[in-house]
Structures are given as C-alpha cells and as structure tokens.
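Quick note on labels: first sequence line is chain A, next is B, and so on, each numbered from 1.
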Amino acid sequence: MEFLSCRFQGGELRKMAFLKKTGKNIQKHYQLYLMVLPGLLIIMIFNYIPMYGIQIAFREYSFSTGLTGGEWVGLKYLERFFGSYQFWSLIKNTLMISLTTILFSFPVPIVLSIVFNKIRSKRQQKAMQTIVYLPHFISVVVLVSIMTLILSPNSGVLGQIAAKLGYNGVIMGDSKMFVPLYVISEIWQHAGWNSIIYIAALSSIDNALYESAYLDGANTWQIIRYIDLPSLVPTMMILLILTMGSVLGVGFEKVYLMQNSLNLPVSEIISTYVYKIGLQSNQYSYSAAISLFNNVINFFFVFVMNQIAKKSTGNSIW
Amino acid sequence: MKTKRFLSILLSTSLVMGLGTPGLVLAEENATLDVIFYTNSLTKDVGEIEYINNMAEEANVTLEIEQISSGWDEIKSTLLASGDIPDLIIGKDAIVSSDVAQFKGLFADMSGMIDEYAPNIRKAFDEHPELEYLATSEDGAIYGIPKYQRFWPKTYIRQMINKEWLDNLGLEVPETFDELYNVLVAFKEQDANGNGDPNDEIPMDFAAGVASHSVYQMPWILCLLCGYGLPVTAITDDGWYLDDGEVKNIYMSDEYYDLLQFLSKCWNEGLINPEIFTQDYATYAATSRNGVVGYTLGWDITDRMGSGEVAEQYEVIGTILPSEEYADKAVWETSYYTLNYAYPTAVMSAACENKEAAMRFLNLFYDDTYGIQVLFGSMGECIQDDGDGTYTVLPPGDETMDPGTWKWTNALADMGCMYISDDIELELPSDMQTIASLDEVYTEELERVGDDMWPGAFLKYDDAANSELSFYMTDLQNLFETSFADWLTGGGVDEEGWNAYKENAMNAGYEEARTIVQTAVDDYFTYMGK
C-alpha cells in the first residue's frame, strides 16, 4: 500500500513538473505561441468545430429538423454502403486511379526540378519554369473539353492520328484508356507546379557542397546522385505522406467530367457516387456516412505511410 | 425575462386581433406588397410590363418590385437562411419543392385562403385536380402555386430524317426497323448528299448519356421502343413506364432486349456515330447543323438543324415499327406533364402582412385573360383580342426579334405563374405553331398512350420512400447506363448475359424501387379517381 501511494505521489509530482515546465516554456516563447495562435484558431473553427456535423451520418437527416434533429439510426447508412451493389467496384476504381496517379506523377516533379536546377542561365530557367507550370491554371472543365476535342475520332488531331494507326473507336469512351488518360493529363497539368517546392528545396543547398564536389572531380550524375537527391528526401517524404492522405479522395471534378456511359465501369469512384447520391438525390446522411468512411481510410493511410517513412528514412510528420 | 414575457403577450394578442379582423374590410384598402420576380435575362423591367400594372391595379395593391435574373442561387440561399423573405416570390424554379420542405415555417399555407380569396385558382384546381394534387404537400397544406402552361407539346423528342438524301437515293421514308436499317446502310455506302464523297455521311446520330445531355436523360434512341407500344418518357433517365396502370421499366423489358440486338447490329455496321457517348450537346448540335446526319432525334428540326438551308432537307417521321404486326400497338414518347406543369411558381411569405391582398394578386395569374398575357405579353402589344372570346398572339412588334425573343422580352413567359384555361381559344405565334404541328405526326400514336401517360410530374414520396428510392436508383441507373453502352458497342447481349443483368438489377433493388414508384402512381390515380 505504501509503495502504491508513493508511486501515486511520484506521478503527481511528475505531472506538476511537466505543467511547470510547459508554463515556463510558454512564458519564455510567448511570441512564438502568439504567432501560432491565429492558425490554431482557424483550424479549430473551420476544421474541428464543424465536425459535430458528422452525426448526420448516424441520423435520419431531414431538412426541417436540422443537423441534430433527425432520428438516431446508428450504423444503418454505413451498413447500407458496405452492402451496396457497387461497393467493391467503387473501392477498386478509386484505388486504381489514385495509386496509378501517385505512382506515375510523383517522380516527375522531382526530375523536372533537378533539370531546372541544372539550367545555367537564370532567364532561361525562369522562362522554362513558367512554361511548364502554366497548364496548372487551366480550369478542369476546359482541360477535359480540350481532351474530348483533340481525341475525337471525327474532328480531333490525336483522334485522327490514332485512327490512322489502326485504333478503332473513341479514345475518351474506351474504358481501358480512362486511367492512362487521367494520369497523363494530370502529369501534364500539374508536374510543373508541383516541382516548385522541390526547386525551393534545391536552391537551399549550400553551394560549398557543389564546389567541393567539383574539386573532387564529381560529374553531373554523381552530383545529382549524392547531393541533389539526398537533400530532396525529406521534402519527398512529407509530400508523399500528404498525398497518401488523399488516396481514396481522388479529385471529383475531373473524373466526373471525363465520365461517360462507356467508361463508367472504371470511372465510377467514391466521390462521384457520393455526388450522385448525396447532391442529386438529396441523401445527405448516406453521403455523409460514405465520406466519413472515406476519411477514416485516408487517415489510416497517412498513419501507415508516416510510420513506414519514419522507420525507413527517419523523416516523418510526427 | 420580464420584457420578453411582455413582448410575447403583446405579440400573441396582436396575432389574435389580426386573425379576428374581417378580411373584407382590409380588401378595400390598398396594400403594399414586396415581390421578387425571378425572370429570364431577356425580360424587360417587370414594372414596365403593362399587364403586371393592370393586375396590381385590379387587385388594389402597390407592388414594390425586385427583379432578379441572374445569380439567384446565391441570393436565394442568404434570403432563405435569413428568414426574411418578401411577401411574394414569383418565378418558375425560384423556389423549388425541396426549399419548401426545408424552410417550411417561412412560407404561408395558402390552402385556406384559396377558397376564400382566390376563386380563379379554386376554379383551376377544380378543372384540373392534378394541379391541386401537385400543390398539396403531405401535411395537406399548400405552400406554393403551380403553373399549367397547356400549349407545350405532348412530345419531348421527335425523330427526323434527311428527306433530300432519301430522294437522292430513291428511297422511301422507313416504317419498320428493317427498312430503317436498309436506309442507314444506303446512307453509309452511297453518296447520299451528292457531293462526290460517299464517306462524309453519318447515318445515325443521337444523344446518349450524361456527357451529351448534361442532365440525366435516357439515350434518346430508346424512343424506338415506342414502336413496340411502350409509352416511354425521354425527359428522365429512370426508364419507368405504365402498362395499363402497372409500373414497369423499359430497361427490364424484353422489348429492350430485342431493340438492343437491332442497335448493336447498326453499331457493328458503323451506322451510328461513334461519338454518341462522349460528345457534348454543343458538338451534337453542331454536327447535325452541318447537314451530315441522316437519321437523328431531338426537340425539333430548328433545334437540331438550325433555321437555314440545312433544316429544309429534314422531315419529322412517325413511329418506326419493329415489324408490320406492331402497326396497331405503336405509341410515341410523351413528356407532356413534365413540360406543362411546374410547382411551385409562386410562394407567399408566412410573415406577409396582407395575405388577402397577396392572394388577390396571385389569383389574377390564374385569370383567363391574364393567364395568356403572362405567357405571351400584354393585350394590344403582344396579344390581340378578337372580340368573340378568341385571341391572337401578334407577331413581334420589333422586326429584329424572333417570336421567342419577343415573348421573353415582353412577358414573364415560361418563368411565370400561370394557368391557361382549356376553354380559351388562342391563335399561337409561328414558333409555337411549328411545335404543335410536330406533334401532329404522332397524333394517332399519342392517342393510344391514353391513361398510361407517365405522371412523373405528380409523383410524391415521403422522406423515407424518397431516400430508399434514390438509394436503389443510383445503383440501378449505373447498371442500366453501363450495360446499354457495353452491349451497344460490344456486340450485343445473349440470353445468358441478359439473365445475369436482370439478376443484378434484382440484387440492386429493382423490385423494391418499382414497388415504391407503383405506390406513388397508385396514390396519384386514386386521387384523380381513375
């Protein structure tokens, strides 16, 4: 008994010491805490407080009774989703599109940034960068229209070339072409923009490193291999972890715009399904339940990815 | 606390007193009404529309008008959320039925007032009980006034063929699937348009899927099912139709299976534009306006081929039969109810201080002569009173305008709240006449539809049924849409595939969905006494 109470006291003491330490810490660095405060408040107000709305996923939401008024139905909507006729195909399509996109579009900005970094003339470098990231500003609607037009077998440039090469059919309507088209256009549009962060990371490398490498007689490949790439690893890891967080959250607009009856078997993903059932058919509870499931899975992916990164490279978000 | 209690007592007494005041006394006084008119962007200043002023005068009200023709959705959400809405909001789609359900307390229940202050609306409801059914919500209240437009055609989709090509090749207008097939093959293989190039003709083009419709509608080519006697409606994509009052679905019918074999044969022969599933409506319209399409479907020739020379080559043709023996069964697509009815087109604020005056004003929209003016424009300027109870819609007063633009400029037109009595004899403007005449091709077929005309506009579901139905339909529509595309382009479907498909549909809840729709249809028919 005495031992126990001792331990209890010990715990109490440690707790007090911790509080004291934290208090001192805040006192000492209060300017820093003040700077963080607005950001924290914004996250609290716009990300945490609205979370109380999650409950509509477990309620029979109706307009007239409001967020908290609907009858409590528990897991009804989640069960309905798991039992849905389309459940497995939705998961499969979503993962297919997002994993392929990550796999192919992740390395491109890294390569681009290294190439840009090697351009000697500052003016040329700036011009190239601008050219490559301009497509980022094209709206998705316009982008998909452009794709439809140039791939059209009757009037499109690429469509006609494909037809001459013996391709028989409509590229935009081919379910086998959907994922490649999605990924390629994604890379074309965003690779330049995404390389900015790597270029920033590269520009912060100490010039002394390059100079000593030159003196030791390293060639360009060796410099890339032993200086550029290693210094990009922390940035890569953080970006990779963040992208994994949206594995099930593939951008809705582009997939929806590219959808047609022919590619629907591969292009119906969770977010387009949520749009159809939630907004077009006004099933708010059901779509909230699906989105909640989506977010839980995404959180799981971030967590796992973070652990892997921590173990393998020592870089992680927390 | 004390002030609050005092205030509430004050409020409730004033409310009781307000209720006690006899309406007739108020009716004599001029009342001021705040009104939002949601109009087309072409419509001129509503305060300058003559008939609106006449109506205000007749109802003895002064209107404070706010006219909105763009950005309404943003304005609406803040307006409704604030709870402070004007006395009246008038305009089709300004307030939709889900708004009414969501913000129930905001809108006045007019059910009691209609009998008392709105004899025209009462009369219209008696003449067309479906209007009252449409307007009455589950709890028996009437939160909005519907419109009945009468003049819109019965059919939404018509089929057209290039008559000049037929003449060039010495062919007859096709009446059966076999003849249609032969015609399409001839269009493809021969130089139908006579320009020396046999390969620049697209034999068949239609809109299918979301990409081309931009809204959910069934592939228009399924109107060919009418040849089998299925009264389809093309304005929605859920595929329901009535067979002697029993709800069925075209996508589950044997006729659909049959038609798919035919269409898939056409596809394999390269008779169908390969872009049907991927082109958007603008491309679909542009292609046919170039005059390169042989057989197509759409609203009318002007819409599909423009009003130039190309349009003159085309002709609307009657229902095509699967074979001769269907001659006395064939019907044609009809979306009459959806085209002619809308709810709500006018709502009143629950906080309106002069409900009687507002009701008197709304009542005039249902007046015989004001009704037609709401649609076509003021008497004298746009409509001529022929004196013997008949009226003529005048040609545009401004020669630079077509009849459509003229109507939109001078009237609330289709956006208004109106009731066009069946008794009124009105000679229509030229663009409406062409529409009406397009229906003529299908007169006999449309008569055969009879009571099986799809009452989609009137079907009402309670929250639970609505939730169930949309859950099933989202899955079913996915199945229907993908199977159609897959079978059409992938060489048709065999018995085995068809049975597997039907079983999938059952697993996705087809029978449950059908039962829900059947109940809604039965409710409607019971109400209508059919």
Side-chain angles (χ1 to χ4, degrees), chain A residues 60-66 70-71 73 76-77 80-81 83-87 89-90 144-145 147-149 151-156 159 163 168-175 256-268 272-278 280-287, chain B residues 98-105 139 200 202 205 208-212 215-216 219 237 270 273-280 282-283 286-287 290 292 462-464 466-486 488-490 504-510:
Chain A
E60 205 72 77
Y61 176 71
S62 98
F63 276 129
S64 42
T65 50
E71 189 197 338
V73 291
K76 174 181 165 190
Y77 285 105
R80 172 174 276 191
F81 180 54
S84 159
Y85 159 80
Q86 294 193 66
F87 177 71
S89 78
L90 289 176
V144 176
S145 304
M147 285 165 67
T148 316
L149 287 176
L151 293 172
S152 151
N154 287 347
S155 52
N168 192 10
V170 186
I171 302 174
M172 283 295 279
D174 189 336
S175 58
Y256 184 70
L257 288 166
M258 286 174 67
Q259 239 175 31
N260 54 53
S261 324
L262 284 168
N263 61 28
L264 209 52
V266 296
S267 68
E268 187 80 298
T272 55
Y273 181 74
V274 166
Y275 172 73
K276 283 174 192 169
I277 199 135
Q280 290 183 335
S281 328
N282 302 321
Q283 297 302 303
Y284 300 104
S285 288
Y286 188 39
S287 52
Chain B
S98 62
D99 296 330
V100 175
Q102 185 180 3
F103 299 98
K104 235 170 210 169
D139 53 5
D200 63 346
I202 300 173
D205 194 11
V210 194
S212 45
V215 286
Y216 287 88
D237 71 337
N273 183 358
E275 292 193 59
I276 45 168
F277 292 109
T278 46
Q279 65 191 354
D280 58 11
T283 320
T287 312
N290 290 336
V292 294
D462 61 24
D463 283 350
N466 194 26
S467 158
E468 289 290 299
L469 184 63
S470 51
F471 168 66
Y472 297 129
M473 285 319 286
T474 309
D475 284 354
L476 284 170
Q477 270 154 1
N478 180 295
L479 177 71
F480 295 158
E481 199 180 331
T482 49
S483 312
F484 174 74
D486 187 30
L488 180 68
T489 60
N504 272 341
M506 287 300 171
N507 291 338
Y510 171 73

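- The two residues A/V170 and B/P274 have their closest heavy-atom pair at CG2-O, 2.9 Å.
- Contact of B/N273 with chain A is made through the side chain alone, with heavy-atom distances under 4.5 Å.
- When each of B/L479, B/N507, B/D486 is scored by its heavy-atom pairs under 4.5 Å with chain A, the top score falls to B/L479.
- With a 4.5 angstrom heavy-atom cutoff, B/I202 touches chain A only via side-chain atoms.
- The shortest non-hydrogen separation linking B/T482 to A/P265 is CG2-CD, 3.6 Å.
- The two atoms that bring A/E268 and B/N478 nearest to each other are OE2-ND2, 3.0 Å, heavy atoms only.
- From A/L149, atom CG reaches atom CD of B/Q279 across 11.5 Å, with rounding to the nearest 0.5 Å.
- With sequence neighbours excluded, no residue satisfies ring-ring contact (aromatic ring centres under 6.0 Å, His included) with A/Y273.
- Summarising the geometry, atom CZ belonging to B/F471 is positioned 10.0 Å from atom OH belonging to A/Y77; distances are rounded to the nearest 0.5 Å.
- Looking at B/T489, the atoms closer than 4.5 Å to chain A (heavy atoms on both sides) all sit in the side chain, from C-beta outward.
- Counting heavy atoms from C-beta on, the side chains of B/E275 and A/S152 come closer than 4.5 Å.
- Residue B/F277 is tested with A/N263, A/L262, A/L264 for a side chain to side chain contact (heavy atoms under 4.5 Å, CB included); the sole match is A/L262.
- At a threshold of 4.5 Å between non-hydrogen side-chain atoms, the residues B/E468 and A/R80 count as touching.
- The two residues A/N260 and B/T278 come nearest to each other via the heavy atoms ND2-CG2, 3.1 Å.
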